[in-house]
Amino acid sequence: MTTSRASRLVFDGHIAGFGTAEGTRVVVGRWLRSPLGSVVDVMVERADGTRLLLAPRDDVAELVAATYEFDAVHVVPVDLRADEGRRRWRLRAGPLTADLTVGARTGVGHLLALVPRHQALAPLVATAVDPVARVVLDGVRTRGTAGRGRREWYLATDQHAVTSVRALWGSQDLGAVRPVRPSVRFGFSSVPPTPAVTRVLTTIELTAGPSRHGH
């Protein structure tokens, strides 16, 4: 008899998404706990549609690039300093420099705070929430199929607005913060169009392939 084995990886942290006047859109994954430790990865879609992954290590780059779609992957120094008191994030990732100011909890955030945050139940809750997310948040999906046949669930439990961004690509000023439009195209889901930091449990199910059992 042949069966398929699957394992699940859980990433616990925040996803920040914002657009810029120049047209570049940025998605930052700040993972406080993950199978790879405490890590930060940055997905960038430039104004011309080029999709880039900026990852701090080879193992991070390998896992993220196998799950999402990019035109280029770069392993570069990635550093994120979060000043909780001043409500600011300071990001340095290869050519990208971004300073974010985090504002008040959003209306969506107040609703998300009611969602049960339980790791074992996260895929079930994300599945239940998906039809609502599709209607309320343009481009956002909370469950779907990722790269290499993997399945993925996003369980969001809080959200705060990003009120301002100072971003540079090399020496080029990317301009003021803007909505994430058009939606980013790294996988089955985009981040919310309104710039925000969302608290999230991400579950990725890996299919290990068939195993054989005989009698």
Side-chain angles (χ1 to χ4, degrees), residues 11-32 34 39-47 49-55 60 64 67-71 78 80-82 87-112 115 126 129-130 133-134 136-144 146 152-169 174-202 204:
F11 292 75
D12 183 359
H14 303 85
I15 294 177
F18 64 89
T20 66
E22 179 268 349
T24 292
R25 285 141 289 146
V26 178
V27 178
V28 183
R30 178 199 181 201
W31 305 112
L32 306 176
S34 84
V39 295
V40 176
D41 65 83
V42 183
M43 305 179 191
V44 180
E45 185 165 349
R46 299 303 312 274
T50 302
R51 298 164 298 178
L52 307 171
L53 171 63
L54 307 177
V60 178
V64 177
T67 307
Y68 302 95
E69 297 182 9
F70 303 96
D71 300 301
V78 177
L80 175 62
R81 306 289 176 88
R87 309 285 296 169
R88 291 181 181 175
W89 283 19
R90 179 181 182 272
L91 175 68
R92 304 294 182 266
L96 177 65
T97 299
D99 295 310
L100 288 64
T101 301
V102 181
R105 179 176 281 122
T106 65
V108 170
H110 284 287
L111 295 175
L112 292 176
V115 175
V129 169
D130 186 62
R134 289 170 180 261
V136 176
L137 300 171
D138 183 36
V140 174
R141 308 289 183 266
T142 60
R143 65 165 181 153
E152 191 171 13
W153 297 266
Y154 297 107
L155 178 62
T157 57
D158 201 357
Q159 187 186 83
H160 287 73
V162 171
T163 57
S164 68
V165 173
R166 163 70 168 160
L168 301 173
W169 188 264
L174 298 180
V177 65
R178 292 288 188 272
V180 183
R181 290 200 177 97
S183 299
V184 290
R185 302 171 299 115
F186 305 117
F188 67 84
S189 179
S190 179
V191 292
T194 301
V197 174
T198 304
R199 187 83 163 93
V200 67
L201 270 174
T202 298
I204 301 173

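Residue indices begin at 1 and follow the sequence shown.
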Are Tyr154 and Phe188 close enough, and set up right, to give a side-chain contact (heavy atoms from CB on, under 4.5 Å), and what steps lead you there? CA-CA 11 Å; Tyr154 297 107; Phe188 67 84; 3.6 Å; yes
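- Test Thr101, Val102, Asp99 against Arg88 for side-chain contact (heavy atoms from CB on, under 4.5 Å) and you get one pass: Thr101.
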Could you walk me through whether Asp12 and Leu32 pass the side-chain contact (heavy atoms from CB on, under 4.5 Å) test, one step at a time? CA-CA 6 Å; Asp12 183 359; Leu32 306 176; 5.6 Å; no
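- In this structure Ser34 satisfies the side-chain contact (heavy atoms from CB on, under 4.5 Å) test together with Phe11, Trp31, Leu36, Val39, sequence neighbours excluded.
- By the 4.5 Å heavy-atom criterion applied to side chains, Val44 and Arg51 are not counted as neighbours.
- The line from CZ of Arg178 to CD of Glu22 is 11.5 Å long, rounded to the nearest 0.5 Å.
- Under the 4.5 Å side-chain criterion, counting only non-hydrogen atoms from C-beta, His160 is not in contact with Thr106.
- Judged by distance alone, the side chains of Arg46 and Thr24 do bring a donor and an acceptor atom under 3.5 Å apart.
- Looking only at side-chain heavy atoms (C-beta outward), Val27 and Phe186 come within less than 4.5 Å of each other.
- Atoms CG and CE, from Leu53 and Met43 in turn, are 6.5 Å apart once rounded to the nearest 0.5 Å.
- Within the 4.5 Å cutoff, side-chain heavy atoms of Val162 are placed close to those of Val197.
- In this structure a side-chain-to-backbone donor-acceptor pair under 3.5 Å is missing from Arg25 to Val180.
- Between Asp158 and Thr198, every side-chain heavy-atom pair lies at or beyond the 4.5 Å cut-off.
- Looking only at side-chain heavy atoms (C-beta outward), Gln159 and Pro192 come within less than 4.5 Å of each other.
- Classified by interplanar angle (parallel below 30°, tilted 30° to 60°, perpendicular above 60°), the ring pair His14/Trp89 is perpendicular.
- We find that Glu69 and Arg185 are not joined by a salt bridge, their nearest charged nitrogen and carboxylate oxygen being 4.0 Å or further apart.
- Closest heavy-atom contact between Ser164 and Val177: CA-CG1, 4.0 Å.
- Ion pairing between a basic and an acidic side chain is recognised when a charged N comes within 4.0 Å of a carboxylate O; Asp41 and Arg30 show no such pairing.
- Residues Pro195 and Pro179 come closest through the heavy atom pair CD-CA, 3.9 Å.
- The shortest non-hydrogen separation linking Ala98 to Phe18 is CB-CZ, 4.1 Å.
- Note that the CZ atom of Arg166 and the CG atom of Leu100 stand 13.0 Å from one another [nearest 0.5 Å].
- Between Val60 and Ala55, the shortest heavy-atom distance links the atoms CG1-CB, 4.1 Å.
- Using a 4.5 Å heavy-atom threshold, the side chains of Leu91 and Val28 count as touching.
- A 4.5 Å side-chain heavy-atom check between Thr97 and Trp169 finds every atom pair outside the cut-off.
- One finds the CG atom of Leu201 at 5.5 Å from the CG atom of Leu155 (value rounded to the nearest 0.5 Å).
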